[in-house]
Amino acid sequence: MGNINITLKDGKAVQVPQGTKPADLLKKLPQKIAKRIVVARADLGKGETLVDLDRPLERDTRVEFLTTDDPDGLFVFRHSSAHLLAAAVLELYPEVQFGVGPPTDQGFFYEFLREKPFTPEDLEKIEKKMAELRNQNLPNQRKLVPFDQAMKLYQEQKQPLKCELVRDLSDGKMVQFYTTGKFIDFCLGPHIPSTKFIKAFKLLSVAGAYWKGEESNPQMQRIYGTSFPSQAELDDHLHKLEEAKRRDHRKLGKELNLFSIQEEAGAGLIFWHPKGGIIRHLMENWLREELLRRGYDLVYTPHVLRQDLWKTSGHLDYYRENMFPAMEDEHVAYQLKPMNCPGHILIYKSSLRSYRELPIRLAELGTVYRWERTGVLHGLLRVRGFTQDDAHVFCTPDQIEAEIEACVDFALALLKTFGFQDYEVELSVRDPNRAADYAGKVEDWEQAEGALVNSLTRMNIPFKRMEGEAVFYGPKIDIKLIDAIGRPWQLSTVQFDFNLPERFKLEYVAADGARHRPLMVHRALFGSVERFFGVLIEHYAGAFPVWLAPVQAIVLPISEKVLDYGEKVAGQLKQAGFRVQLDDRNEKLQAKIRDAQLQKIPFMLVCGKKEEEAGTVSVRSRSKGDLGPRPLADFQAELQRLVETKATQA
RNA sequence: GCCCAGGUAGCUCAGUGGUAGAGCGCGUCCUUGGUAAGGACGAGGUCGCGGGUUCAAGCCCCGCCCUGGGCUCCA
C-alpha cells in the first residue's frame, strides 16, 4: 500500500499510508482540541464533503477538522442526536415505525408512526433512555449493505416506511446504513464517532407532521429536541428561548394593553386598543409624511370590489382559497379585497397616461382580508385582516433602476427609524428551466433582474441570490430585518409584476407617440402594519422608544398633599404635546414606581414637597433608575429632543 | 384543514363525579408613605358553546368554536 499526501487546514502537509483515517491524524493534535472534533471535511473522490472520522482516506486530499462551532459540524452533531433519540425510542417502543430524522436550524427531530401519541411523560422517559445510551458511548457505525439485503432487513423489522425510503432514495445497488446500538438507519451521514459527545440535550415538543409532508399521507409524530456538546451551551440556548417568550408580542400585547383578538369577533382579527392605536398612528404618520416627501401620491380604494375584477386580475383563479367568499346581491357578486393592486391599477387606468406623467407612485394604507386556515393564525404575525402599506410604481424601462433604488432606500430608512440596525437582503430570480411557469417575456425578466442587481450593487448592499425563488409574476427583493435578539423577520418587499399590466392592458403614450406597456413595481415596507407592530413589540420587548411610547412620562406625586403640584406638572407637559399620565392613586411611591416600571413607561417624574418648592421634578428612567431632581423645563427640553430625534435609546 | 395540548373571575392559574378557589387587578375605608408591591373589608363566575351519560358534571362521552405548539399552505 502506498502513501498519500494530506494537507491540513493550516497548510501543513503530511504523508501517511493509504487508508489512514481522519481519526488517526487527530491523535497528533493536542488532546484538548482533538476531543472536540466531531467530523472532518475531506475529498474521498467526489470533491470535498463531510466525512466520518473513521472513513479511510485513499487519495491525496485536504483534511479539515470540524467542531460544533462550525455550522456544518453542529449539523452533523444534531443529526447524530436525532439518531440517539431514535435509538432510545426503539428501546422503549419497539413497535413504532421510523420515518426520517434530520437536524434543523435549532436542533433536530425524528418522526415516528405509532398508534398512541407520545405524552410529555413519554418524552421524559425517552430523555432518560437517551442519557443511558449516551453513557454507553455507542459508536455510530457506517456500513454498506446490498439493496436486497437492506430491503429484507427492514421488512423483517416491520419498517415499511424505511423500505419506501430505501426504494426511492438509494441507487438500487448498495445501501448505506448507520447503526447506533440496535438502531439501524438508512442514512447519508456522516455522523459523530459515538454518542458520548452528546453531553447535553433536551426534548422540547411533539407535533404532528405528515409523512413526506403530504396531507394525504398518514400523520407522523415528530419529536423535536435540541442538543449541545456542553450543558452550558444548552442552558444558554434554553435561556434564549425564555428570552423569546419574555418578548412574545401576544403576552406583552395583553400586559401593556396594546391590542386584543377576541373570540366573539373571530379569529385573526385585531382590535387595536388605545395604547396600540397611538403607536399605529405614529407609525402611519411617519410613513405618510415620508411617502409625500418621496413623491408618492396617497390614494384610497374600496374594500369590496366586483367579482369580475378579481377574474380579470387572475386572483379568482390563483388566489381563491385565500379569499373570503363572495357576497351576492341579485345581479352582481362582490368580494372583499385580499390585495390592493387591482384598485391602484384602476386609478392608473382612469385616464390615458403620457410618459411625461411617469413614474406614477400610488400609495395606500390598504386594509385587506385574506382567508387563512385557522391553524396558521398567529397573534399579530399571521392574521386574516390587516393593513398593508402598499404602493405601486408605474414607470418606463429607463426609470426602473432609479425607482428600485428609491424603494430600497426608503425601506432602509424605515428600518433605521424604527430602531433596527441589521438586515439581510434576498434577491429572488426565476429558474430558467421553468420558463413556462412565469408570466411575462424572457427579455423583460432579464431586464428586471438586471435592474435589481444593478440597483443593489450600486447601493453597495450585499444580497443573497435565490435562484428559482421568484414568484411567477416577477423577480423581487426581500429585506429581512434582524431584531434585538438576532431573529430575522421578512417584512419589506419590492416586486416586479409582469402579470397585472398585461391582464389589465395598461398603457402609456411614449415620446414616439406609440402606446407602450408600463413596468409595474409592487412594494410594501412595513409589509403589514399589524405584523410590523408585532415585530416592533418583540424587538423592544415592549419598552418602546420615547417617540413611540404610548405614555412617555408618568407623574408620581408622593402623597395626596402634593397632588396639585403633580397635576400642574402633568398639565404643563400635556399642554406641550407630550403623552403624560398622572398617577393620583392612593398608593405608596414604591407601588407607583413598580407599576410604571411594569408598564415600561420611559420616565417617572417623582413629585414631593421638595420638588414643589423648587419647581423641579425628580426623574427616574425606566432603564437607568433615579436620575435626581432637575427643573421641569430642562426635563421638557430633553423629552422634546428625544421625540424629535426619534432616539431609540432613552 | 390535520395531529397534540389547552379554554375556570379583568389577568395568571389551582381544582379527578357531591355547596366553584387563590394571587394580582377592581371598589370602599384606614394609612400620607421619597425610588420595584402598606393594611382591612368587599364586589366579581352561563367553569368556551351545544348535546349526552349520571341521583349528581368544571371534572366522563360526542360535536362545534377559539387559543397554543407543529404539519400543510403562503400571489
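So you know, we letter chains A, B, ... as the sequences are listed, proteins then strands, and number each from 1. Only this structure's heavy atoms are used, side chains among them; waters, hydrogens and symmetry mates stay out.
- Asp564(A) meets the side-chain contact (heavy atoms from CB on, under 4.5 Å) test with Glu567(A); sequence neighbours excluded.
- For Thr301(A) and His344(A), the side-chain atoms include no donor-acceptor pair closer than 3.5 Å.
- The distance between atom CD of Glu372(A) and atom P of U72(B), rounded to the nearest whole Å, is 16 Å.
- A donor-acceptor pair under 3.5 Å links the side-chain atoms of Arg384(A) to the main chain of Glu372(A), judged by distance alone.
- Across C3(B) and A9(B), the matching C1' atoms stand 32 Å from one another, rounded to whole Å.
- Taking atom C1' on both nucleotides, U53(B) is separated from C59(B) by 13 Å, rounded to a whole Å.
- Ring geometry, Tyr110(A) versus His83(A): the interplanar angle exceeds 60°, so the pair is classed perpendicular (tilted spans 30 to 60°).
- A side chain to side chain donor-acceptor pair (under 3.5 Å) with Glu243(A) holds for exactly one of His239(A), Lys240(A), Arg247(A); it is Arg247(A).
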Any N/O pairs under 3.5 Å between the protein and nucleotides 41-49 of chain B? List them or say none.
none

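- The partner of C71(B), taking Watson-Crick or G-U wobble pairs whose two distances both stay under 3.5 Å, is G1(B).
- Pairing for U35(B) is absent, with no Watson-Crick or G-U wobble pair whose two atom distances lie under 3.5 Å.
- Between G33(B), G70(B), A37(B), one nucleotide has an atom nearer to the side chain of Ser559(A) than all others, and that is G33(B).
- For Lys561(A), the listed nucleotide lying nearest its side chain is U32(B); candidates were U32(B), C71(B), A36(B).
- The C1' atoms of A20(B) and A57(B) are separated by 13 Å, rounded to the nearest whole Å.
- Tyr318(A) comes within contact range of at least one nucleobase, with a heavy-atom separation under 4.0 Å.
- Listed candidates were G70(B), A37(B), G34(B). Nearest to the side chain of Arg594(A) is A37(B).
- Rounded to a whole angstrom, the distance from the P atom of C74(B) to that of G18(B) is 50 Å.
- Only the P atoms considered, U16(B) is 13 Å distant from G6(B), to the nearest whole Å.
- Side-chain contact between Phe533(A) and His249(A) is absent, with no heavy atoms from C-beta onward closer than 4.5 Å.
- Using a 4.0 Å cut-off, some side-chain N or O of His378(A) falls inside it from OP1 or OP2 of G69(B).
- When both pairing distances are held under 3.5 Å, G50(B) makes a Watson-Crick or G-U pair with C62(B).
- The distance between atom CG of Asn322(A) and atom P of U72(B), rounded to the nearest whole Å, is 16 Å.
- Annotation: C62(B) and G69(B) have their P atoms spaced 26 Å apart (nearest Å).
- Between the side chain of Arg430(A) and the main chain of Ala470(A), no donor-acceptor pair closer than 3.5 Å is present.
- Protein atom CD of Glu560(A) is 11 Å distant from nucleotide atom C1' of G33(B), rounded to whole Å.
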Pairs: protein N or O with nucleotides 25-30 of chain B N or O, under 3.5 Å:
unit_1, atom_1, unit_2, atom_2, d
C30(B), N4, Asn586(A), ND2, 3.2

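- Of the candidate nucleotides A37(B), U35(B), G70(B), U35(B) has the atom nearest to the side chain of Arg620(A).
- Base pairing of C26(B) is made with G42(B), judged by Watson-Crick or G-U wobble geometry with both donor-acceptor distances under 3.5 Å.
- Heavy atoms of Glu111(A) sit nowhere under 4.0 angstrom from any nucleic acid atom.
- On the P atoms, G1(B) is 47 Å away from G42(B), given to the nearest whole Å.
- With 3.5 Å as the limit, one finds no donor-acceptor pair spanning the side chains of Gln106(A) and Tyr224(A).
- Comparing U67(B), C73(B), G70(B) by their nearest atom to the side chain of Arg373(A) picks out C73(B).
- For the pair Tyr224(A) and Lys610(A), both in contact range of RNA chain B, the more 5′-proximal nearest nucleotide belongs to Lys610(A).
- Between the side chain of Gln447(A) and the backbone N or O of Asp444(A), no donor-acceptor pair lies under 3.5 Å.
- Residue Met339(A) is classed as a sugar-phosphate contact, given heavy-atom separations below 4.0 Å to backbone atoms only.
- Listed nucleotides G38(B), G68(B), U12(B) differ in distance to Lys588(A); the shortest reach to its side chain belongs to G38(B).
- Taking the nucleotide of RNA chain B with the nearest heavy atom to each of Arg370(A) and Pro557(A), the more 5' of the two is matched to Pro557(A).
- Here the P atom of nucleotide G38(B) and the CD1 atom of Ile593(A) are 11 Å apart, to the nearest Å.
- With rounding to whole Å, Lys202(A) atom NZ is found 18 Å from G69(B) atom P.
- For Phe112(A) and Phe98(A), the ring centers sit closer than 6.0 Å to each other.
- Not a single donor-acceptor pair, N or O on each side, falls under 3.5 Å between the base of U35(B) and the side chain of Gln590(A).
- Classification of the Phe635(A)-Phe603(A) ring pair by plane angle, with boundaries at 30° and 60°, yields perpendicular.
- Taking the six-membered ring where tryptophan is involved, the planes of Tyr319(A) and His315(A) are perpendicular, since the angle between them exceeds 60° and thus also 30°.
- A distance of about 10 Å separates the C1' atoms of A14(B) and U8(B), rounded to the whole Å.
- Base pairing of C55(B): its partner is G18(B), meeting the Watson-Crick or G-U wobble criterion (both donor-acceptor distances under 3.5 Å).
- Going from atom CZ of Phe112(A) over to atom P of C71(B) covers 16 Å, rounded to whole Å.
- Here U67(B) is the nucleotide among U67(B), A37(B), A75(B) with the atom lying nearest to any side-chain atom of Ala267(A).
- Among the heavy atoms of the strands lying under 4.0 Å from Gly379(A) are primed sugar atoms or P, OP1, OP2 only; no base atom is included.
- The Arg382(A) side chain lies nearest to C73(B) when the options are C73(B), G34(B), A37(B).
- Among the atoms of the strands shown, none is found under 4.0 Å from any heavy atom of Leu556(A).
- Protein atom CG of Leu256(A) is 20 Å distant from nucleotide atom P of G10(B), rounded to whole Å.
- Note on Arg250(A): a side-chain N or O is less than 4.0 Å away from OP1 or OP2 of G69(B).
- The distance from atom CD1 of Ile223(A) to atom P of G70(B) is 16 Å, rounded to the nearest whole Å.
- Side-chain contact of Glu538(A) with Trp489(A): a donor-acceptor pair under 3.5 Å is absent, judged by distance alone.
- Note on ring orientation: taking the six-membered ring where Trp is involved, the planes of Phe472(A) and Tyr318(A) are tilted (angle from 30° to 60°).
- Within the structure, every side-chain polar atom (N or O) of Lys592(A) is placed at least 4.0 Å from both OP1 and OP2 of G33(B).
- Distances from the side chain of Val376(A) to the nucleotides G1(B), U35(B), C74(B) place G1(B) closest.
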